[in-house]
Amino acid sequence: MNRINAPRGTRDIVYPEITAWQILEERIREFYSRFLYREIRTPMFEHSELFQRGIGDATEVVQKEMYTFEDKAGRSLTLRPENTASVVRAAIEGGLFDAVFPLRFFYIGPMFRYDKPQKGRFRQFHQFGVEVFREENPELDAEVVYAAYAFLEELGLKEISLEVNSVGCEECRPAYLKVLQQEARAHQQELCLDCRRKIDTNPLRIFDCKQPGCRAAAATFSTITPHLCRGCADHFAGVRAGLDTYAVPYTVNERMVRGLDYYTRTAFEITSDRLGAQNAILGGGRYNRLVRDLGGPDIAGIGFAAGMERLLLHLEIAPGKDPQICFLACQSADSRADAMKLARQLWRAGYPAYLDYSAANLKKQFRRSDRMNAAFTLVLGTEESASGEVSIKDMVRQEQVRIPQQELLQWLDQRKS
RNA sequence: GUGAGUGUAGCUCAAGGGUAGAGUAUCGGUCUGUGGAACCGAAUGUUGGGGGUUCAAAUCCCCUCACUCACCCCA
């Protein structure tokens with residue numbers, strides 16, 4: 001039989017790595033509840049149309065990276081490549097815009113994109129993120145960015161930088177895109193083939209190209225900032241002022257573009273120097289048209305998503321100390337019943353306990369106890385069984401006592417405090 | 001989707017056409033009432049898979065799969 005491995009781009013998370021994940025998730029929940037975000041869990045697959053309409057048909061994600069399949073009834077479903085569209089869908093469907101206040105959600109969970117795996121990039125990966133609805137004040141944008149940045153800071157991430165930009169709205173962006181296209185056409189010869197195609201499909205993306213020719217040409221193109229309409233310009237100014245008030249260090253990158261079509265006005269991104277090519281660890285922005293475009297009321301939204309693998313890649317989360325494990329060693333099968341009764345007491349009292357059923361010689365059992373980092377080894381030998389006692393060896397202090405079995409819990413309780 | 005590198009024991013890696021090896025981990029013993037050490041011993045492989053060249057392939061060639069890194073894109 002040939003072995004079956006995990007599908008490409010997926011991986012198993014096992015102990016001890018899993019403890020870092022648990023700690024990270026715990027800290028996300030604690031941190032974001034400070035801002036009154038409430039957790040939301042949406043399905044891991046949705047109707048494909050949700051992502052096509054939400055993220056944008058022309059985006060790379062929708063065109064090339066979706067895990068789309070047909071179910072037995074012929075519906076086209078897609079494993080979620082991101083969670084914003086789902087949250088919006090859930091809010092519309094559940095009538096949450098009227099039922100819940102404040103309209104603040106956070107999520108943690110797996111996302112799926114059919115990419116070629118490399119460092120920090122997987123086909124099943126995990127994101128956490130937040131979404132806020134209805135509030136349109138630029139100060140809220142600043143708060144959301146603060147909530148993104150401060151969390152990473154509190155985790156102890158070093159070498160991260162925050163960039164913000166305004167990508168305009170449906171009022172001012174089309175006019176700017178026309179200007180940009182004209183400028184790009186004038187410099188066509190200097191652009192790579194890829195970028196020449198982008199002129200018509202997605203001119204903003206030319207700013208992302210790393211080819212020297214394209215970079216040089218793009219540097220001469222005008223940015224959106226002078227083309228922002230009054231509303232967007234004022235909003236952007238308000239966001240920057242808010243960031244200053246919240247004391248968030250940022251740089252304005254007028255050429256920053258995001259990969260999803262639904263962003264309006266504020267867009268932001270946090271990158272790390274330590275991740276190789278996949279250096280984006282968090283990205284987000286405002287999406288004032290998305291709710292309406294997905295059939296909901298005309299309500300604004302803003303949010304971000306962060307990649308948990310990338311976060312953990314350069315985060316040394318110290319694994320929590322193992323709890324005080326009790327290892328129960330029996331010298332022979334005769335004392336096993338005593339050991340089982342003691343183990344049951346320990347479990348019921350909340351002590352982690354491991355019972356070695358092998359009745360191998362004590363030397364071996366002590367070795368096993370040592371290797372699982374037990375705090376105590378409880379020995380039930382023929383002598384202890386005969387007298388109703390148990391020997392307890394403190395594996396760290398290397399001290400050993402023998403006490404009546406009934407006093408075990410009491411002894412441990414004392415030891416704990 | 002494109003490109004490069006790497007696949008040999010659970011793990012880290014040797015052997016570059018001529019009998020597949022070491023370290024480590026595992027298990028057993030020295031040592032059936034006491035762990036971390038030492039010594040001795042044992043087990044473990046379709047050399048990722050398939051095809052080809054050859055008297056002979058882990059080794060050379062082709063295909064395929066996986067991993068790693070980069071491009072693309074993104075978290």
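A, B, ... follow the sequence lines: proteins, then strands. Residue 1 opens every chain.
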For this session: Would you mind classifying the nucleic acid contact of A:Thr59 as base, sugar-phosphate or nothing, using non-hydrogen atoms under 4.0 angstrom?
Result: nothing
Exercise. Ignoring hydrogens and angles, does a donor from either the side chain of A:Gln400 or the base of B:U34 sit under 3.5 Å from an acceptor on the other?
Worked result: yes
For this session: Looking at every strand, decide which applies to A:Arg258 at a 4.0 Å heavy-atom threshold: base, sugar-phosphate, or nothing.
Result: sugar-phosphate
Exercise. Starting at CD of A:Glu60 and ending at P of B:G1, how long is that distance when rounded to a whole Å?
Worked result: 13 Å
For this session: Measure from the side-chain heavy atoms of A:Lys119 and tell me the nearest of B:C69, B:A75, B:G1.
Result: B:C69
Exercise. With sequence neighbours left out, what residues match A:Lys64 under salt bridge (Lys or Arg N to Asp or Glu O under 4.0 Å)?
Worked result: A:Glu60
Problem set entry | Whole-Å distance separating the CZ atom of A:Phe112 from the P atom of B:A75 | 16 Å
Exercise. Using the C1' atom in both, what is the distance from B:G52 to B:A14, to the nearest Å?
Worked result: 27 Å
For this session: Round to the nearest Å and state the distance from A:Ile270 atom CD1 to B:A75 atom C1'.
Result: 12 Å
For this session: For B:A9 versus B:U44, give the span between their P atoms, rounded off to a whole number of Å.
Result: 15 Å
Problem set entry | Atom-to-atom span, OH of A:Tyr263 to P of B:A75 - whole angstrom | 6 Å
Problem set entry | Contact state string [nucleotides 2-7 of chain B, B base, S sugar-phosphate only, - no protein heavy atom under 4.0 Å] | BB----
Problem set entry | Check: A:Tyr263 ring centroid to A:Tyr287 ring centroid under 6.0 Å | no
Exercise. Quick one: stems for RNA chain B, with Watson-Crick or G-U pairs under 3.5 Å, at least three in a row?
Worked result: B:1-7 with B:65-71, B:10-13 with B:21-24, B:26-30 with B:38-42, B:48-52 with B:60-64
Exercise. Taking protein heavy atoms under 4.0 Å as touching, what does nucleotides 35-44 of chain B look like 5' to 3' if B marks base contact, S marks sugar-phosphate-only contact and - marks none?
Worked result: BB--------
Exercise. Which label fits B:G28, syn or anti, where anti is any glycosidic angle not within 90° of 0?
Worked result: anti
For this session: Give A:Gly9 one of three labels, base, sugar-phosphate or nothing, depending on what nucleic acid heavy atoms sit under 4.0 Å from its own.
Result: sugar-phosphate
Exercise. With no hydrogens and no angle check, do the side chains of A:Asp261 and A:Thr59 hold a donor and an acceptor under 3.5 Å apart?
Worked result: no
Exercise. When you measure from every atom of RNA chain B, which of residues 379-387 of chain A have a heavy atom less than 4.0 Å away?
Worked result: A:Val379, A:Gly381, A:Thr382, A:Glu383, A:Glu384
For this session: Using atom CD1 of A:Ile281 as one end and atom P of B:C73 as the other, report the distance to the nearest whole Å.
Result: 20 Å
Exercise. Is it the case that A:Thr42 and A:Asn83 place a side-chain donor and acceptor less than 3.5 Å from each other?
Worked result: yes
Problem set entry | Electrostatic pair A:Asp293-A:Arg289, nearest N-O below 4.0 angstrom | no
For this session: Classify the nucleic acid contact of A:Phe128 as base, sugar-phosphate or nothing, counting any heavy atom under 4.0 Å across all strands shown.
Result: nothing
What pairs of donor and acceptor atoms, side-chain ones from residues 397-409 of chain A against any protein atom, are under 3.5 angstrom apart with sequence neighbours left out?
| residue | atom | partner | partner atom | Å |
| --- | --- | --- | --- | --- |
| A:Arg402 | NH2 | A:Glu383 | OE1 | 2.8 |
| A:Gln405 | NE2 | A:Glu389 | O | 3.0 |

Problem set entry | Nearest-angstrom distance, C1' atom, B:U12 to B:G7 | 14 Å
Problem set entry | Whole-Å distance separating the CD atom of A:Gln127 from the C1' atom of B:A75 | 5 Å
Exercise. A:Leu311 versus A:Phe128: any side-chain heavy-atom pair under 4.5 Å?
Worked result: yes
For this session: Identify which nucleotide among B:A75, B:A70, B:C74 has an atom closest to any side-chain atom of A:Gln118, counting heavy atoms from C-beta outward.
Result: B:A70
Exercise. Looking across every strand, which nucleic acid part, if any, lies under 4.0 Å from A:Gly129 by heavy atom: base, sugar-phosphate, or nothing?
Worked result: nothing
Problem set entry | Between A:Thr84 and A:Glu131, a side-chain donor and acceptor under 3.5 Å | yes
Exercise. Aromatic ring centroids of A:Tyr32 and A:Phe151 under 6.0 Å?
Worked result: yes
Could you go through residues 162-169 of chain A and list every donor-acceptor pair under 3.5 Å that involves a side-chain atom there, pairing it with any protein atom two or more places apart or in another chain?
| residue | atom | partner | partner atom | Å |
| --- | --- | --- | --- | --- |
| A:Glu163 | OE1 | A:Asn253 | ND2 | 2.9 |
| A:Asn165 | ND2 | A:Asn253 | O | 3.3 |
| A:Asn165 | ND2 | A:Glu254 | O | 3.4 |
| A:Asn165 | ND2 | A:Met256 | O | 3.1 |
| A:Ser166 | OG | A:Gly168 | N | 3.4 |

For this session: Please collect all side-chain hydrogen bond (donor to acceptor under 3.5 Å, both in side chains) contacts where either partner lies in residues 173-183 of chain A, sequence neighbours excluded, each pair once.
Result: A:Glu183-A:Ser222
Problem set entry | Atom pair distance, as rounded to whole Å: OH in A:Tyr114 and C1' in B:G1 | 10 Å
Problem set entry | Separation between the C1' atoms of B:A58 and B:G45, rounded to whole Å | 11 Å
Problem set entry | Between P of B:A66 and CZ of A:Arg123, the distance in whole Å | 8 Å
For this session: Using salt bridge (Lys or Arg N to Asp or Glu O under 4.0 Å) as the criterion, list what pairs up with A:Arg265, not counting sequence neighbours.
Result: none
Seminar exercise, completed: Residues at least two apart in sequence or cross-chain that pass ring pair (Phe, Tyr, Trp, His ring centres under 6.0 Å) with A:Tyr357, listed by chain then number, are none
Residues 43-52 of chain A, side-chain donor-acceptor partners within the protein, below 3.5 Å, at least two apart:
| residue | atom | partner | partner atom | Å |
| --- | --- | --- | --- | --- |
| A:Glu46 | OE1 | A:Arg89 | NH1 | 2.9 |
| A:Glu46 | OE2 | A:Ser86 | OG | 3.2 |
| A:Glu46 | OE2 | A:Arg89 | NH1 | 2.5 |
| A:Ser48 | OG | A:Ser76 | O | 3.1 |
| A:Ser48 | OG | A:Ser76 | OG | 2.7 |
| A:Ser48 | OG | A:Leu77 | N | 3.4 |
| A:Ser48 | OG | A:Leu77 | O | 3.3 |
| A:Ser48 | OG | A:Thr78 | OG1 | 2.6 |
| A:Glu49 | OE2 | A:Arg53 | NH1 | 3.2 |

Could you pull out all donor-acceptor pairs under 3.5 Å where a side-chain atom in residues 103-115 of chain A meets a protein atom, sequence neighbours excluded?
| residue | atom | partner | partner atom | Å |
| --- | --- | --- | --- | --- |
| A:Arg104 | NH1 | A:Phe35 | O | 3.0 |
| A:Arg104 | NH1 | A:Glu143 | OE2 | 2.8 |
| A:Arg104 | NH2 | A:Glu143 | OE2 | 3.4 |
| A:Arg113 | NE | A:Pro81 | O | 2.9 |
| A:Arg113 | NH2 | A:Pro81 | O | 2.9 |
| A:Asp115 | OD2 | A:Arg121 | NE | 3.4 |

Exercise. What is the nucleic acid contact for A:Arg113, judged by heavy atoms within less than 4.0 Å: base, sugar-phosphate only, or nothing?
Worked result: base
Problem set entry | Between B:U59 and B:U54 - P atom distance, rounded Å | 16 Å
For this session: Considering only NZ, NE, NH1 and NH2 on the basic side and carboxylate oxygens on the acidic side, decide whether A:Glu39 and A:Arg41 come within less than 4.0 Å.
Result: yes
Exercise. Roughly how far apart, to the nearest Å, are B:U68 and B:G48 at atom C1'?
Worked result: 15 Å
Exercise. What is the nucleic acid contact for A:Asn279, judged by heavy atoms within less than 4.0 Å: base, sugar-phosphate only, or nothing?
Worked result: base
Exercise. For the side chain of A:Arg8 and the base of B:C67, is some donor closer than 3.5 Å to an acceptor across the two?
Worked result: no
